[in-house]
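Notes follow the structure.
Nothing here was measured: the structure is a model prediction, and the numbers come from that model. A note on names: the letters A, B, ... follow the listed sequences, proteins ahead of strands, and every chain is numbered from 1.
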Amino acid sequence: MKRNNASLIFLFGPTGVGKTALLESYFSEGYSVVNADSKQIYRHLDIGSAKPEPSLVARIPHYLVDILDPWEDFSVGQFVHRADEAVDEIRLQGRIPVVSGGTAFYFKHFLYGLPESPKSSASVRREINALVQENGLTWAHEELAKVDPVSAEKIHQNDTYRITRALEVFRSTGCPLSSFSVPTLPREGLTPLIIGLERDREELSLRIRQRVEQMMEQGLMDEIGSLLAMGATAQWPGMQGIGYREYFTLQESGGFSVEEFKELIVRNSIRYAKRQMTFFRSIGGVSWIHPDDRAQLESLLETYLS
RNA sequence: GCCGCUUUAGCUCAGUUGGUAGAGCAAAGGACUGAAAAUCCUUGUGUCCUCGGUUCAAUUCCGAGAGGCGGCA
């Protein structure tokens, strides 16, 4: 098997599809993994984020796992920069990088490159949030329409997140978000083998259910307990992850039963998996396979790497 | 056994003074310009429990039967 210096593999799929197991059996020899999962970058989120076992990480070098504390901010921009560095380093070692994870947004921008728009500013965002809080979302959308009619047209009036971001960009640059161009083609020299993992709905739901059960057995509650002891709040970026956020949601609404907690995690995971699939399907050039289809996977690798 | 209430979307229930029905939740589909496990959008045909009667027309009224809940025996 010849190793092309430009070789790069993407491995993605919805939560619970079986990415980690596949890494274990196919990519342990001569490969290094670059994590593309927005929650596994955080330390202390081991069980709830379904982080790979230490034994796997010991066998296959992993990059971008455990690089931040769960209260620290991260973004696609940082992901792309750090993933680029990781890929370079892996190649220097004569190994093949496998970008693996479930955050479709990260894959998209890694493949196409970042838009020209500026990175997010926490302080400006805070200001905007305060204004939105005070004057209401309708007002915010109208404000946006004044300074950036193109974005206002595209962003739905209920989409707090995107309205805030668009206003933030205008405030910090004086230019509308829509004036920054978005790349539509893969970056120069980037020709990865894109492997998408897919299972049918019932199969995936069942696996998600089993995995949540397993997380509870592994001590998800204890993990949350120690995060709380560290001062965790629902506002920590890491606490937005499924398996953690449900704790805060249920706390807020009063009651709390383990059964309820598990069911909520299962439901949110299944919904997330669906959103992931929608996003992944919009990425071009993907070879979709079932994780158990060894022959298909082997032939894809063979063809790509020779 | 008797009496009362109840049976409508996967679930909880509205509703039609008789013209074949609609909310919430669940579910399905979609979007994605540096927080993305985030944020947001769209989508409701279902023997209105069954059988019979009245009626131009019944899920709606009447009768019987069946299931559920409660009370009395």
Quiz item: So, are A:Arg211 and A:Glu217 salt-bridged, with charged N and O less than 4.0 Å apart?
Solution: no
Quiz item: Given A:Leu11, which of A:Leu197, A:Val99, A:Thr20 fulfils the side-chain contact (heavy atoms from CB on, under 4.5 Å) condition?
Solution: A:Leu197
Exercise. Tell me which residues in residues 162-171 of chain A put a heavy atom below 4.0 Å from RNA chain B, sorted by number, or none.
Key: A:Arg162, A:Arg165
Practice problem: For A:Gln235 and B:rA38, give me the distance from atom CD to atom P, rounded to whole Å. | Solution: 15 Å
Quiz item: Partner of B:rG34 by Watson-Crick or G-U wobble geometry, both contacts under 3.5 Å, or none?
Solution: none
Practice problem: Give A:Val182 one of three labels, base, sugar-phosphate or nothing, depending on what nucleic acid heavy atoms sit under 4.0 Å from its own. | Solution: base
Exercise. Might you work through the ring-ring contact (aromatic ring centres under 6.0 Å, His included) test for A:Phe279 and A:Phe107, ending with a clear yes or no?
Key: CA-CA 10 Å; A:Phe279 206 144; A:Phe107 278 98; over 10 Å; no
Quiz item: Can you tell me how far P of B:rA38 sits from CG of A:Asp73, to the nearest Å?
Solution: 16 Å
Quiz item: Do we get A:Arg275 above A:Phe280's six-membered ring, with its NZ or CZ under 6.0 Å from the centre and within 45° of the axis?
Solution: no
Quiz prompt | Closest-nucleotide 5' rank along RNA chain B - winner of A:Arg267 and A:Ser181 | solution = A:Arg267
Quiz item: Taking the side chain of A:Asn129 as heavy atoms from C-beta outward, which of B:rA35, B:rG34, B:rA38 is closest to it?
Solution: B:rA35
Practice problem: Write down the distance separating the C1' atoms in B:rA9 and B:rA23, rounded off to the nearest Å. | Solution: 11 Å
Exercise. For B:rG52 and B:rU12, measure between their C1' atoms and round to the nearest Å.
Key: 32 Å
Practice problem: Using a 4.0 Å heavy-atom cut-off across all strands, classify A:Arg245 as base, sugar-phosphate, or nothing. | Solution: sugar-phosphate
Quiz item: Do A:Glu89 and A:Arg95 sit within salt-bridge range, that is, some charged N less than 4.0 Å from a carboxylate O?
Solution: no
Quiz item: What distance, rounded to whole Å, do you find between the two P atoms, one in B:rU59 and one in B:rG68?
Solution: 25 Å
Exercise. Determine whether any donor atom in the side chain of A:Lys154 lies under 3.5 Å from an acceptor atom in the base of B:rA31, or the reverse, and answer yes or no.
Key: no
Quiz item: Please give, in whole Å, the distance from B:rG34 C1' to A:Glu116 CD?
Solution: 13 Å
Practice problem: Could you tell me whether A:Phe10 and A:Phe110 have their ring centroids closer than 6.0 angstrom? | Solution: yes
Quiz prompt | C1' gap between B:rU47 and B:rU42, integer Å | solution = 29 Å
Self-check item: Salt-bridge criterion met for A:Arg43 and A:Asp66 (N-O under 4.0 Å)
Solution: no
Quiz item: Does a side-chain N-to-carboxylate-O contact under 4.0 Å join A:Glu168 and A:Arg165?
Solution: yes
Quiz item: What is the distance, rounded to the nearest whole Å, between atom CD of A:Gln276 and atom P of B:rG29?
Solution: 14 Å
Quiz prompt | 5' precedence on RNA chain B between A:Gly241 and A:Ile270 (nearest-nucleotide basis) | solution = A:Ile270
Quiz prompt | Gap between atoms CZ and P, on A:Arg275 and B:rC41 respectively (whole Å) | solution = 13 Å
Quiz item: Which part of the nucleic acid, if any, lies within reach of A:Asn158 when heavy atoms closer than 4.0 Å are counted: base, sugar-phosphate only, or nothing?
Solution: sugar-phosphate
Quiz item: With a 4.0 Å cut-off on heavy atoms, is A:Asp37 in touch with a base, just the backbone sugar-phosphate, or nothing at all?
Solution: base
Quiz item: B:rA36 base to A:Tyr161 side chain: any donor-acceptor pair below 3.5 Å?
Solution: yes
Practice problem: Could you please name the partner base of B:rG44, counting Watson-Crick and G-U wobble pairs only when both distances are under 3.5 Å? | Solution: none
Quiz item: Which value, in whole Å, describes the distance between the P atoms of nucleotides B:rA27 and B:rG19?
Solution: 34 Å
Exercise. For A:Arg126, report the nucleic acid contact type (base, sugar-phosphate, nothing); a contact means any heavy atom under 4.0 Å.
Key: nothing
Quiz item: Would you say B:rG30 has OP1 or OP2 under 4.0 Å from some side-chain N or O of A:Thr278?
Solution: yes
Practice problem: Pick base, sugar-phosphate or nothing for A:Ser117, based on heavy-atom distances below 4.0 Å to the nucleic acid. | Solution: base
Quiz item: For the side chain of A:Asp159, counting heavy atoms from C-beta on, which of B:rA36, B:rU39, B:rG34 is nearest?
Solution: B:rU39
Practice problem: Among the candidates B:rC40, B:rA27, B:rA36, find the nucleotide nearest to the side-chain atoms of A:Arg271. | Solution: B:rA27
Quiz item: Contact class for A:Ser49 (heavy atom, under 4.0 Å): base, sugar-phosphate, or nothing?
Solution: base
Exercise. Tell me whether the OP1 or OP2 atom of B:rA27 has a side-chain N or O from A:Arg201 closer than 4.0 Å.
Key: no
Quiz prompt | Nearest-angstrom distance from the residue atom NZ of A:Lys274 to P of B:rU39 | solution = 17 Å
Practice problem: Using a 4.0 Å heavy-atom cut-off across all strands, classify A:Tyr244 as base, sugar-phosphate, or nothing. | Solution: nothing
Exercise. Take atom CZ of A:Phe79 and atom C1' of B:rA38, then tell me their distance rounded to the nearest Å.
Key: 17 Å
Exercise. Assign A:Phe74 to base, sugar-phosphate, or nothing according to its heavy-atom contacts below 4.0 angstrom with the strands shown.
Key: sugar-phosphate
Practice problem: Could you work out the separation of B:rU55 and B:rG15 based on their P atoms and round it to a whole Å? | Solution: 29 Å
Quiz item: Can you tell me the Watson-Crick or wobble partner of B:rA66, both distances under 3.5 angstrom?
Solution: B:rU7
Practice problem: Using a strict 4.0 Å threshold on nitrogen-to-oxygen distance, state whether A:Asp159 and A:Lys154 make a salt bridge. | Solution: no
Self-check item: Same-atom distance (C1') from B:rC56 to B:rC13, integer angstrom
Solution: 33 Å
Quiz item: Should B:rC72 form a Watson-Crick or G-U wobble pair with both distances under 3.5 Å, which nucleotide is its partner?
Solution: B:rG1
Self-check item: Assigned partner base of B:rC56, Watson-Crick or wobble definition, under 3.5 Å
Solution: B:rG19
Quiz prompt | B:rA21 versus B:rC2 - spacing of their P atoms, nearest Å | solution = 38 Å
Quiz item: For B:rA36, does either OP1 or OP2 sit under 4.0 Å from a side-chain N or O belonging to A:Thr103?
Solution: no
Practice problem: Examine B:rA35: is either OP1 or OP2 under 4.0 Å from a nitrogen or oxygen in the side chain of A:Ser75? Give yes or no. | Solution: no
Quiz item: Are A:Asp292 and A:Arg199 ion-paired here, with the side-chain N under 4.0 Å from a carboxylate O?
Solution: yes
Exercise. Give one of base, sugar-phosphate or nothing for A:Gly48, where a contact means two heavy atoms less than 4.0 Å apart.
Key: base
Quiz item: When the distance from CZ of A:Phe280 to P of B:rA36 is rounded to whole Å, what number comes out?
Solution: 14 Å
Self-check item: Ion pair check, A:Lys262 and A:Glu246, cut-off under 4.0 Å
Solution: no
Quiz item: Would you say a side-chain N or O of A:Lys108 is under 4.0 Å from OP1 or OP2 of B:rC32?
Solution: no
